[in-house]
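This chain uses plain numbering: 1 for the first residue, then up along the sequence. Just so you know, these numbers come straight off a predicted model, no measurement behind them.
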Amino acid sequence: RSADAQLKSASLATNLPDSPETTIVSGPSGSGKTTLCRALSASDDQCRYAVSCTTRAPRGGEIEGRDYHFLSRADFEARTTRGDFLEWAEVHGNLYGTLKSSVLDLIGAGRDVLMDIDVQGAAQIRSDLEQVKLDLEAARRAGDLTRMSELQYGRIPELEKQLELA
């Protein structure tokens, strides 16, 4: 299965008992998203912060893999072309994004996932959610839904509400 399909399935299936949850904290640059995510993940052993990628240079005290994955612009753009990002945006001349693999790895390990993303990234995720809804509705009409798909379809209103709050 493609990473896109795995991510959609993993993200939408979180209404199952003991399934990992994904929480998106979204807002403009400098609004405290990262501070909030770090505090939440520090207070809950089950919860992990999905480290974002950026093309900007590290600031004093920032550590690769803890604060960001620091990438060259060429590497970031190549990963964008391959579809490696769940979402990405250009903010103040630098690229920022969340790797699908980072989120899938955490979900696969049974961890709840916290993501901090810019408002542009949240808009991308909303757009992707609309496509998932269309795909699931088409499958439902065709009578091709498995029990998992029915659970996923039923979860969409909850996901939409979470995105409205992001």
Looking at [X] and [Y], what are the two nearest heavy atoms and their distance?
X	Y	result
Pro28	Val119	N-CG1, 4.1 Å
Thr98	Ser52	OG1-OG, 3.9 Å
Ala50	Val103	CB-CG2, 4.3 Å

(Q) Please determine whether side chain to side chain contact (heavy atoms under 4.5 Å, CB included) holds for the pair His69 and Val51, giving the CA-CA distance in whole Å, both sets of side-chain angles, and the decisive distance to 0.1 Å. (A) CA-CA 7 Å; His69 297 292; Val51 178; 3.8 Å; yes
Q: Evaluate side chain to side chain contact (heavy atoms under 4.5 Å, CB included) for Glu90 paired with Thr55, printing each intermediate quantity in order.
A: CA-CA 10 Å; Glu90 185 162 1; Thr55 58; over 6 Å; no
Q) When you look at Arg56 and Glu62, which way does the salt bridge (Lys or Arg N to Asp or Glu O under 4.0 Å) test go after all the steps? A) CA-CA 12 Å; Arg56 75 162 172 75; Glu62 288 183 328; 2.7 Å; yes
Q) So which of Leu114, Leu36, Asp112 actually passes side-chain contact (heavy atoms from CB on, under 4.5 Å) with Ser41? A)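 The residue from Leu114, Leu36, Asp112 that satisfies side-chain contact (heavy atoms from CB on, under 4.5 Å) with Ser41 turns out to be Leu114.
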Do [X] and [Y] come within less than 4.5 Å of each other through their side chains, counting heavy atoms only?
X	Y	value
Leu99	Leu86	no
Val113	Glu21	no
Asp105	Ser102	no

Q: Indicate whether the side chain of Thr54 and that of Asn94 have a donor and an acceptor atom separated by less than 3.5 Å.
A: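 Distance-only check fails for Thr54 and Asn94.
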Q | Test log, rule side chain to side chain contact (heavy atoms under 4.5 Å, CB included), inputs Cys53 and Trp88 | A | CA-CA 9 Å; Cys53 297; Trp88 67 274; over 6 Å; no
Q.
For the OG1 atom of Thr22 and the CE atom of Met115, what is their distance to the nearest 0.5 Å?
A.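 Here the rounded value is 5.5 Å.
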Q | Leu40 side, atom CG; Asp116 side, atom CG - distance, nearest 0.5 Å | A |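 It is 11.0 Å, given to the nearest 0.5 Å.
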**Q.** Phe70-Val91 co-clustered via ILVMFWY side chain contacts under 4.5 Å
**A.**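 Looking at the clustering, Val91 is in the same group as Phe70.
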Q | Worked check of side chain to side chain contact (heavy atoms under 4.5 Å, CB included) between Asp84 and Ser101 | A | CA-CA 7 Å; Asp84 292 352; Ser101 60; over 6 Å; no
Q: State yes or no: are the ring centers of Tyr96 and Phe76 separated by less than 6.0 Å?
A: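 No; Phe76 has its ring centre 6.0 Å or more from that of Tyr96.
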**Q.** Under 3.5 Å donor-acceptor, Arg111 side chain and Asp45 backbone
**A.**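 Between the backbone of Asp45 and the side chain of Arg111 there is a qualifying donor-acceptor contact (under 3.5 Å).
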Q | Heavy-atom donor-acceptor pair, Lys33 side chain to Val25 backbone, under 3.5 Å | A |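 Between the backbone of Val25 and the side chain of Lys33 there is no qualifying donor-acceptor contact (under 3.5 Å).
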Q) Should Lys100 and Glu87 count as an ion pair when the cut-off is N to O under 4.0 Å? A)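 Answer for the salt bridge query: no.
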Q) Less than 4.0 Å between a side-chain N and a carboxylate O, is that true for Arg38 and Asp67? A)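 Answer for the salt bridge query: yes.
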